[in-house]
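Below: the structure, in structure tokens.
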Amino acid sequence: MAKSSSKKEIPKYNPTEVEPKWQKYWLENKIYQPDMDKAKKPFYNLMMFPYPSAEGMHVGNMYAFTGSDVYGRFKRMQGHDVFEPIGLDGFGIHSENYALKVGKHPKEQAKVSQENFYRQLRVTGNSFAWDNKLETYDPDYYRWTQWIFIKLFKKGLAYRKKASVNFCPSCKTVLADEQVIAGKCERCGTEVVKKELEQWFFKITDYAERLLNNIDGLDWTEKVKIAQRQWIGRSEGALIKFKIQNSKFKMKTIEVFTTRPDTLYGATFMVLAPEHSLSREIARGNNEIAKYIKESQSKTDQDRIAEGRDKTGIDSGLRAINPVSKEEIPVWIADYVLMGYGTGAIMAVPAHDERDFEFAQKYNLSIKFVIKPIENDLDTRKAYLGAGQVINSGKDWNDYFVPDAIPRMIDDLEKWGMGKRQIQYHLRDWLISRQRYWGPPIPMIDCPKCGWQAVAEKDLPVLLPDIKDWKPTGAGKSPLATVESFVNTNCPVCGGPAKRETDVSDTFLDSAWYFFRYIATDFKDVPFPSSAFHDDAEVASNNFRLHKAGKSSDSSRNVSDANVQSENFKSSPHQSQNRTEKWLPVNMYIGGAEHSVLHLLYSRFLTMVFKDLDLISFEEPYSKFRAHGLLVKEGAKMSKSKGNVVIPDEYIKKFGADTLRLYLMFLGPFTQGGDFYDTGIEGMYRFVRRIWTLIHTVNFSTQSTGEGLKIMNKTIKKVTEDLEALRYNTAIATLMEYYNFLSKEQTISKEQIEILIILTSPFAPHISEEIWEFLGHKNSISQTNWPRFSDKFLVEKNTIIVLQVNGKIRDTFMVEKSEIDNKQTIEKIARQSKRAKKYFENKQIRNVVYVKGKIINFVIDN
RNA sequence: GGGCAAGUGGCGGAAUGGUAUACGCGGUAGUCUCAAAAACUACUAGCCGCAAGGCUGUGUGGGUUCGACUCCCUCCUUGCCCACCA
């Protein structure tokens with residue numbers, strides 16, 4: 001090691017002193033607070049904000065945040081004005097359930113969690129823009145969540161509908177389809193049942209095609225793109241009408257959706273979902289059928305899954321006519337057909353669908369094959385799903401080959417007036433209402449005269465009342481329904497007595513737009529700046545906590561409102577109206593893959609709606625998204641029940657945040673996750689202390705030379721490329737190799753050391769600042785430019801050529817770079833190899849493969 | 001049932017067609033010490049060998065190639081996501 005001969009005094013590395021010192025420095029000097037209006041190279045570096053409800057931040061949160069922060073710090077040093085905000089997703093069932101568990105009012109618990117979480121976040125060394133923090137349960141925030149609801153309502157995108165919905169008996173609320181995982185409640189794991197309730201929905205299905213088509217253009221983790229495509233679930237097919245024979249009901253035809261119109265001749269019966277309106281109509285005059293429908297509805301999804309493929313059903317007694325074969329076919333009612341997809345009715349083709357085949361066998365229904373395989377014989381013991389030749393399908397279709405001929409067959413159906421081409425999506429409308437307390441009240445009023453009306457925008461927010469009986473009731477209504485002072489109000493249209501909606505909105509609505517609010521937390525009277533608000537009288541004109549004003553306060557309303565809290569709010573929406581366009585869409589979004597469908601899809605949807613409202617000019621919220629991997633503990637998933645959840649606090653106390661950050665980023669590829677071992681972190685602590693010691697003992701030479709320069713440039717190149725690709729583990733390995741090299745050198749230049757510190761600083765920001773200061777710098781290391789590498793130092797003078805015989809390595813030798821184009825010379829040197837000679841001497845050399853500058857391979861006969 | 005990943009030393013992992021096991025953990029031996037810890041140094045895939053060296057080796061079996069952890073096919077295993085979606 002390059003130690004001084006005279007023994008220097010080495011100060012002890014003490015992270016518990018160094019780290020708070022720099023955290024304080026960053027905060028006081030607003031080092032990480034970009035100028036939101038004047039920033040020249042804005043870079044929005046977003047990480048998914050946490051639910052603060054658990055027992056505090058666990059190491060999985062820190063893993064995700066650190067990975068995002070490292071990238072943000074890297075971009076900042078590359079000259080970008082990085083905006084890296086943080087907040088808390090504290091509204092919602094998750095937080096409320098935690099409050100229930102610990103027996104505290106959610107509002108009280110939120111205060112405790114907030115303090116604890118922010119304290120933890122402060123000591124992890126992230127470069128957060130603290131001035132812009134937000135919490136979803138803050139009225140300043142949810143006021144705008146409610147505003148969004150109103151905007152959607154006015155645009156016809158929020159509507160009420162009575163529907164069979166998922167209901168969690170434990171959480172006592174309805175759930176979105178997305179929150180039901182294999183028939184169980186995503187939050188508590190209880191089996192979900194179906195309930196018939198009137199609910200608020202968002203019409204996300206109107207955006208299905210756009211949501212799907214835009215995916216191709218996104219720079220996102222491929223896995224997440226696939227998950228979204230699958231969730232939206234586009235399929236092409238046909239809508240086909242079947243006439244009902246002698247229908248005594250209102251409905252004279254049954255319409256079905258099918259992706260296999262080519263099998264229409266094989267449709268030997270039909271099946272209606274129990275919830276189908278025709279099923280209900282039939283049930284009115286038939287007890288047995290009514291009973292079947294009731295039973296199937298009371299089943300949990302879990303029951304249905306447990307039953308597997310043992311299908312049940314009942315003959316409705318109706319007969320329909322197959323439009324092409326003209327055969328009379330029975331109509332059944334069975335719960336293997338779902339109301340939520342297609343038309344809620346199917347044409348059953350048992351010969352070519354496994355489910356229909358099974359059902360037909362159980363109930364002895366006829367099976368008619370209309371496709372046969374081209375090569376093999378038809379096996380009539382099971383459904384045939386493959387491609388093939390059309391048979392038994394009349395003169396028009398016989399001998400067609402499917403699936404190729406399907407489009408032509410749909411054309412025929414259209415021509416014959418029997419059906420039409422149809423594109424169907426699996427995506428369903430977003431169920432928004434929740435019968436719970438801890439969320440933003442849905443800002444709607446039900447007037448006996450005027451019907452459902454939105455709360456006037458000037459009256460927002462509809463404050464969540466502070467009540468004692470906040471626990472879920474399970475009666476299909478929110479606890480707010482019992483608060484008369486809340487419920488009773490006046491109609492915003494006619495002024496007469498009316499009642500408020502008492503449900504609150506889904507947590508996913510809170511988190512679907514938070515990145516818009518981050519950039520505008522200093523704006524009181526708009527959700528986010530937009531030129532569209534300029535002339536929009538209904539926005540900005542309100543009396544809610546309006547701040548008294550800069551020069552532009554034309555609004556003289558209720559300045560003295562008792563609620564005024566902050567002096568920092570700007571009152572003019574016109575000012576800085578470009579801010580939204582300046583910062584959004586988000587440049588880099590990093591978060592968990594578990595939000596692949598829900599959160600990412602919802603925020604895309606809202607962004608599109610904002611675009612359609614002319615509030616913004618873009619329609620995709622996140623230009624780039626990367627999912628991080630899962631952090632496990634010694635091979636096992638961390639969970640409270642196993643008691644192996646790692647809490648970062650104790651490790652930070654013992655080793656410091658820098659060591660923990662480095663360790664977390666080192667233990668595996670960030671996008672794939674990693675395995676946390678206590679012994680591993682000790683090794684990282686060793687590395688940090690070694691750097692500290694090296695700095696305090698090194699003898700500086702004046703300049704970097706030869707090998708040193710080369711290695712330095714190589715290191716810069718590798719670390720830069722790795723950081724851009726989020727390959728943090730190999731970036732750190734490279735830094736270790738660089739340290740190992742430096743520690744063995746007799747003399748080191750100051751430049752070589754500074755490069756080491758700069759490159760390490762995104763991972764270990766505190767110790768880097770401390771060393772940077774020790775080296776005599778006055779600025780923050782985060783304000784230093786990221787070093788560039790120069791290719792001219794990367795050129796090797798000599799190259800190692802590997803000598804193979806039949807692909808096996810037999811020797812290596814060094815040649816000058818200038819020789820590598822000369823195959824003859826290389827071959828000549830190779831033939832002289834003492835070690836390899838015996839393998840090709842006296843053998844017939846059939847071929848010599850030379851790969852320039854890398855390898856020479858003699859191919860011989862054995 | 002469908003979709004997507006991934007299988008490499010004792011362990012976490014590196015290498016994406018060209019010297020497999022970088023970096024780290026753990027282990028062994030040594031230096032320092034009365035001793036221990038820390039720190040530092042060396043070794044550390046398996047087998048054979050005193051050594052020089054050789055053979056084998058990236059879940060399995062095959063293929064493509066001068067050359068395969070890497071590309072293609074078969075099977076096995078594990079993880080994640082979705083799931084009676086017509």
Side-chain angles (χ1 to χ4, degrees), chain A residues 1 178 181-183 222-227 229-231 233 235 237 256-261 263 267 271 273 301 304-305 307-311 334-349 352-356 358-359 424-428 593-594 596-597 629-630 632 634-635 637 662-663 666-669 672-684 686-687 689-690 693 727 729-740 743 800-812 835 846-860:
Chain A
M1 184 183 293
E178 290 86 340
I181 310 296
E222 200 54 35
K223 213 178 146 175
V224 171
K225 290 168 77 167
I226 291 165
R229 281 194 198 101
Q230 203 172 282
W231 188 263
S235 39
V256 301
F257 171 73
T258 178
T259 53
R260 294 294 305 274
T263 61
V271 186
D301 283 2
R304 292 193 187 192
I305 290 161
E307 283 166 13
R309 298 185 175 270
D310 184 23
K311 296 179 176 51
D335 64 8
Y336 82 92
V337 172
L338 308 174
M339 193 57 218
Y341 184 69
T343 62
I346 62 159
M347 64 176 214
V349 185
H352 303 290
D353 182 282
E354 283 173 326
R355 293 153 300 174
D356 297 344
E358 195 197 319
F359 194 78
Q424 192 70 42
Y425 296 94
H426 289 162
L427 185 69
R428 302 187 201 165
E594 70 274 18
S596 301
V597 193
L630 186 71
V632 300
E634 290 170 24
K637 208 169 173 174
L662 273 163
Y663 180 58
F666 180 65
L667 43 67
Q672 282 164 47
D675 200 350
F676 191 102
Y677 278 79
D678 282 1
T679 49
I681 196 169
E682 305 259 5
M684 193 54 77
R686 221 169 280 160
F687 174 62
R689 284 198 317 256
R690 278 175 191 153
T693 307
R727 288 188 299 252
N729 56 332
T730 49
I732 293 168
T734 306
L735 291 170
M736 287 171 164
E737 285 179 80
Y738 184 49
Y739 163 83
N740 290 343
S743 70
I800 294 166
I801 302 289
V802 174
L803 170 54
Q804 296 182 338
V805 178
N806 279 359
K808 287 198 177 193
I809 292 133
R810 296 302 177 189
D811 200 3
T812 60
R835 286 177 63 192
R846 296 178 49 171
N847 195 8
V848 179
V849 180
Y850 173 61
V851 181
K852 190 178 142 185
K854 282 184 174 163
I855 227 152
I856 185 158
N857 187 12
F858 292 141
V859 186
I860 58 160

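Sequence lines set the chain letters: A, B, ... in the order given, protein chains first and strands last, and positions in each chain run from 1.
Under the Watson-Crick or G-U wobble criterion, with both distances below 3.5 Å, B:G79 is paired with B:C4. Shown here, B:C25 forms a base pair with B:G10; the pair counts as Watson-Crick or G-U wobble because both key distances fall under 3.5 Å. In this entry B:C40 has B:G30 as its Watson-Crick or G-U wobble partner, both defining distances falling under 3.5 Å. With both pairing distances under 3.5 Å, B:C50 is matched to nothing as a Watson-Crick or G-U wobble pair.
The distance from atom NZ of A:Lys225 to atom C1' of B:G3 is 17 Å, rounded to the nearest whole Å. Protein atom NE2 of A:His426 is 15 Å distant from nucleotide atom P of B:C82, rounded to whole Å. Rounded to a whole Å, the CG atom of A:Leu630 is 12 Å from the P atom of B:G13. The interatomic distance linking A:Asp678 (CG) with B:C25 (C1') rounds to 12 Å, in whole Å. For the pair A:Asp675 CG and B:G24 C1', the interatomic distance rounds to 13 Å; values are reported in whole Å.
Residue A:Arg835 places none of its side-chain N or O atoms closer than 4.0 Å to OP1 or OP2 of B:A52. For A:Arg727 and B:U16, the shortest distance from a side-chain N or O to OP1 or OP2 is not below 4.0 Å. Applying the 4.0 Å criterion to OP1 and OP2 of B:A14, one finds that A:Asn729 has a side-chain N or O inside that range. Considering only side-chain N and O atoms, A:Lys808 lies under 4.0 angstrom from the phosphate OP1 or OP2 of B:U56. Neither OP1 nor OP2 of B:G12 sits under 4.0 Å from any side-chain N or O of A:Tyr677. A:His352 has no side-chain polar atom (N or O) that falls below the 4.0 Å cut-off from OP1 or OP2 of B:A86. Within the 4.0 Å cut-off from OP1 or OP2 of B:C55, at least one side-chain nitrogen or oxygen of A:Arg810 is found. Residue A:Arg686 places at least one side-chain N or O under 4.0 Å from the OP1 or OP2 atom of B:C25. Listed pair A:Arg846 / B:C66 fails the phosphate criterion, with no side-chain N or O lying under 4.0 Å from OP1 or OP2.
Rounded to whole Å, the C1' atom of B:C55 lies 40 Å from the corresponding atom of B:C4. Taking the C1' atoms as reference points, B:U56 lies 13 Å from B:A20, given to the whole Å. Here the separation of B:U77 from B:G27, taken at their P atoms, is 35 Å to the nearest Å. Nucleotides B:C11 and B:G26, compared at atom P, are 15 Å apart to the nearest Å. Rounded to a whole angstrom, the distance from the C1' atom of B:G3 to that of B:G9 is 33 Å.
Glycosidic conformation at B:G9 (O4'-C1'-N9-C4 for purines, O4'-C1'-N1-C2 for pyrimidines): syn, within 90° of 0.
Of the candidate nucleotides B:G18, B:A86, B:G3, B:A86 has the atom lying nearest to any side-chain atom of A:Ile346. The listed nucleotides are B:C82, B:G18, B:C84; the one nearest the side chain of A:Asn857 is B:G18. For A:Arg689, the side-chain atoms get nearest to B:A39 when compared with the rest of B:A14, B:A39, B:G18. Looking at the side chain of A:Val802, the nearest of the listed nucleotides B:G3, B:U19, B:C25 is B:U19. For A:Val337, counting side-chain heavy atoms from C-beta on, the closest listed nucleotide (B:A86, B:G12, B:C4) is B:A86. Taking every side-chain heavy atom of A:Arg690 into account, B:C40 is the closest of B:C40, B:A86, B:G3.
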Dump the intermediate steps for side-chain contact (heavy atoms from CB on, under 4.5 Å) on A:Ile855 and A:Ile801, then the final yes or no.
-> CA-CA 5 Å; A:Ile855 227 152; A:Ile801 302 289; 5.8 Å; no
May I have the step-by-step check of side-chain contact (heavy atoms from CB on, under 4.5 Å) for A:Thr734 and A:Tyr738, ending in yes or no?
-> CA-CA 6 Å; A:Thr734 306; A:Tyr738 184 49; 5.7 Å; no
Take A:Phe666 and A:Met736 through the test side-chain contact (heavy atoms from CB on, under 4.5 Å) and record every step on the way to the result.
-> CA-CA 11 Å; A:Phe666 180 65; A:Met736 287 171 164; 4.1 Å; yes
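Both A:Ile800 and A:Tyr663 lie near RNA chain B, and the one whose nearest nucleotide falls closer to the 5' end is A:Ile800. Heavy-atom distances to RNA chain B give each of A:Val859 and A:Thr679 a nearest nucleotide, and the one nearer the 5′ end belongs to A:Thr679.
Residue A:Asn740 is classed as a sugar-phosphate contact, given heavy-atom separations below 4.0 Å to backbone atoms only. Across all strands shown, A:Gln230 has heavy atoms under 4.0 Å from base atoms, whether or not it also approaches the sugar-phosphate.
With rounding to the nearest 0.5 angstrom, the OH atom of A:Tyr663 is 15.0 Å from the CZ atom of A:Phe687. Distance check: A:Met684 CE to A:Ile732 CD1 gives 5.0 Å after rounding to the nearest 0.5 Å.
Open room surrounds CZ on A:Arg846; 12 or fewer heavy atoms of other groups in view lie less than 6.0 Å from it.
In this model, no side-chain donor or acceptor of A:Glu354 finds a partner on the base of B:G1 within 3.5 Å. The base of B:C84 sits with one of its N or O atoms less than 3.5 Å from a complementary donor or acceptor on the side chain of A:Lys311.
Using bins of under 30°, 30° to 60° and over 60° for the plane-to-plane angle, the ring pair A:Tyr336/A:Phe359 lands in the tilted bin.
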